[in-house]
Amino acid sequence: MKLTVNNEEVFASTGGRPFDKKKPLIIFLHGSGFDHTVWMLQTRYFAFHGYSVLALDLPGHGLSKGKCLTSIEDMAEWVKNVIDKTDCKEASLVGHSQGCLIGLECASRYPRTIKTLSLMGGSGSMPVNPILLDLAANDNRKVVDLMMDWCHGPSGQFGTHSIPGMSHINIGSAIMTSKPLKEILCVDLHACNNYTNGFEVAKNLTLPVLTILGDQDRMCSLNAGKKLSTAIKGSDVHVIKNCGHMMHLEEADKILVILKKFIITNFPS
């Protein structure tokens, strides 16, 4: 599906079903340097079970046009603009990593629009190692190799995938390197590094919030994720064992079970 937001063409996957604004809307927000394809195993289920789904490519990412947005705050405003373009009055947000920060900020700004918030592998602040920032700024492929190593837990490292023959690390590397690192990944990493408002906005959230964490996450530690969930009143917390940062790929089936229960309960179709 293509939309025009802020005079730029935006692409979003609809999970294999036509978009229907009469159905409850779920928006999926990818992490730094990625695109909509990381959500393919979750979006299809909801699209075929009573929901309208938009797995967005952020500006400049994947098939979306325009330049990358440089701040989490701008990304949150952009998500609200996307919702307005669909003519839907409300939506449920699902975010991974950087997508968690976007979801937090958007939900805090538009509490009447965002009905539920699901956070995977996120925290209230996500400082980035200066070495990664420098490598990305110099378009050095090593930044991708390092991130892919640190992003994946035991199953991802051994190449386990629900589709035989596919590799989490190779897929992630291909997505990240499909465009110049200094134009996409570098901008995303700086946006995450510069965002410091997450824990404060979390304290004021009143909507249902789901937090999913991996106990082997080396990009956003389990303790950092628990700190965020503690700041959110009534947050529903799940910890996936032997799982790293890319939980929605590494443990797609377990993630879907948790998401299904949370969203269907709090945002029924």
Side-chain angles (χ1 to χ4, degrees), residues 1-3 10-31 34-58 62-64 79-80 82-97 99-100 102-103 106-107 110-122 155 160-164 166 168 171 205 207-214 234-240 243 246-269:
M1 177 178 177
K2 293 181 179 179
L3 302 166
V10 173
F11 177 84
S13 169
T14 59
R17 298 281 289 181
F19 183 83
D20 184 351
K21 66 180 182 181
K22 296 180 181 178
K23 295 179 180 180
L25 172 61
I26 306 176
I27 290 180
F28 291 80
L29 304 169
H30 61 75
F34 286 105
D35 62 24
H36 71 277
T37 56
V38 297
W39 295 111
M40 56 187 173
L41 298 176
Q42 290 81 29
T43 52
R44 186 170 179 83
Y45 173 85
F46 286 104
F48 280 81
H49 289 83
Y51 291 87
S52 278
V53 166
L54 292 179
L56 299 173
D57 282 347
L58 290 168
L63 299 175
S64 287
V79 170
K80 177 58 165 59
V82 169
I83 297 171
D84 291 343
K85 283 289 183 178
T86 66
D87 291 329
C88 294
K89 295 183 178 180
E90 57 188 24
S92 179
L93 300 183
V94 180
H96 171 251
S97 195
C100 293
I102 300 170
C106 189
Y110 300 102
R112 295 184 180 180
T113 300
I114 309 305
K115 308 308 292 184
T116 75
L117 180 61
S118 300
L119 308 172
M120 300 183 195
S155 63
T160 304
H161 198 286
S162 57
I163 301 175
M166 296 190 73
H168 293 294
I171 293 171
L205 295 179
L207 76 168
V209 178
L210 169 67
T211 303
I212 307 178
L213 306 169
S235 176
D236 184 6
V237 184
H238 293 261
V239 178
I240 309 296
C243 183
M246 299 300 290
M247 57 194 66
H248 48 326
L249 295 176
E250 293 179 53
E251 297 290 352
D253 291 339
K254 292 180 181 179
I255 294 297
L256 182 56
V257 169
I258 297 169
L259 268 182
K260 282 164 53 178
K261 181 178 180 180
F262 174 75
I263 291 179
I264 292 172
T265 298
N266 295 288
F267 195 49
S269 61

Taking every non-hydrogen atom, the tightest pair across [X] and [Y]:
| X | Y | result |
| --- | --- | --- |
| Ser64 | Leu58 | CB-O, 3.5 Å |
| Val53 | Ala47 | CG2-N, 3.7 Å |
| Ile83 | Thr86 | O-OG1, 2.6 Å |
| Leu93 | Gly103 | CD1-CA, 3.9 Å |
| Cys100 | Gly95 | SG-O, 3.3 Å |
| Cys106 | Val79 | SG-CG1, 4.1 Å |

Find the distance between [atom1] ([X]) and [atom2] ([Y]) and round it off to the nearest 0.5 Å.
| X | Y | atom1 | atom2 | value |
| --- | --- | --- | --- | --- |
| Leu210 | Leu119 | CG | CG | 7.5 Å |
| Ser13 | Met1 | OG | CE | 11.5 Å |
| Arg44 | Arg17 | CZ | CZ | 9.0 Å |
| Ile27 | Cys88 | CD1 | SG | 8.0 Å |
| Lys21 | Asp87 | NZ | CG | 4.5 Å |
| Phe11 | Leu54 | CZ | CG | 10.0 Å |

ask   = Side chains of Asp35 and His30: is there a donor and an acceptor less than 3.5 Å apart?
value = no
inquiry  = Please determine whether side chain to side chain contact (heavy atoms under 4.5 Å, CB included) holds for the pair Leu29 and Leu56, giving the CA-CA distance in whole Å, both sets of side-chain angles, and the decisive distance to 0.1 Å.
reply    = CA-CA 6 Å; Leu29 304 169; Leu56 299 173; 4.0 Å; yes
Just to verify, what does [X] make a ring pair (Phe, Tyr, Trp, His ring centres under 6.0 Å) with, not counting sequence neighbours?
| X | result |
| --- | --- |
| Phe19 | none |
| His248 | Trp39, His96 |
| Tyr45 | His49 |

Side-chain polar contacts of residues 262-269 - donor-acceptor pairs under 3.5 angstrom, sequence neighbours left out - could you list them?
{"from": "Thr265", "atom 1": "OG1", "to": "Lys261", "atom 2": "O", "distance (Å)": "2.6"}
{"from": "Asn266", "atom 1": "ND2", "to": "Phe262", "atom 2": "O", "distance (Å)": "2.8"}

message = Set out, in order, the CA-CA distance, both residues' side-chain angles and the distance that settles side chain to side chain contact (heavy atoms under 4.5 Å, CB included) for Thr113 and Lys80, then state yes or no.
response = CA-CA 8 Å; Thr113 300; Lys80 177 58 165 59; 3.5 Å; yes
ask   = Would you find more than 12 non-hydrogen atoms of other residues, nucleotides or ligands less than 6.0 Å from Lys260 atom NZ?
value = yes
query = Hey, does Gln42 have a side-chain heavy atom less than 4.5 Å from the side chain of Val94?
reply = no
ask   = Do the side chains of His36 and Asp57 get nearer than 4.5 Å, heavy atoms only?
value = yes
inquiry  = Walk me through whether Met120 and Ile212 qualify under side chain to side chain contact (heavy atoms under 4.5 Å, CB included).
reply    = CA-CA 5 Å; Met120 300 183 195; Ile212 307 178; 4.2 Å; yes
request  = With sequence neighbours left out, write down each residue that passes side-chain hydrogen bond (donor to acceptor under 3.5 Å, both in side chains) with Ser118, or none if nothing qualifies.
outcome  = none
request  = Could I get the full list of side-chain hydrogen bond (donor to acceptor under 3.5 Å, both in side chains) partners for Asp20, not counting sequence neighbours?
outcome  = none
Working for side chain to side chain contact (heavy atoms under 4.5 Å, CB included), residues Leu256 and Leu41 = CA-CA 8 Å; Leu256 182 56; Leu41 298 176; over 6 Å; no
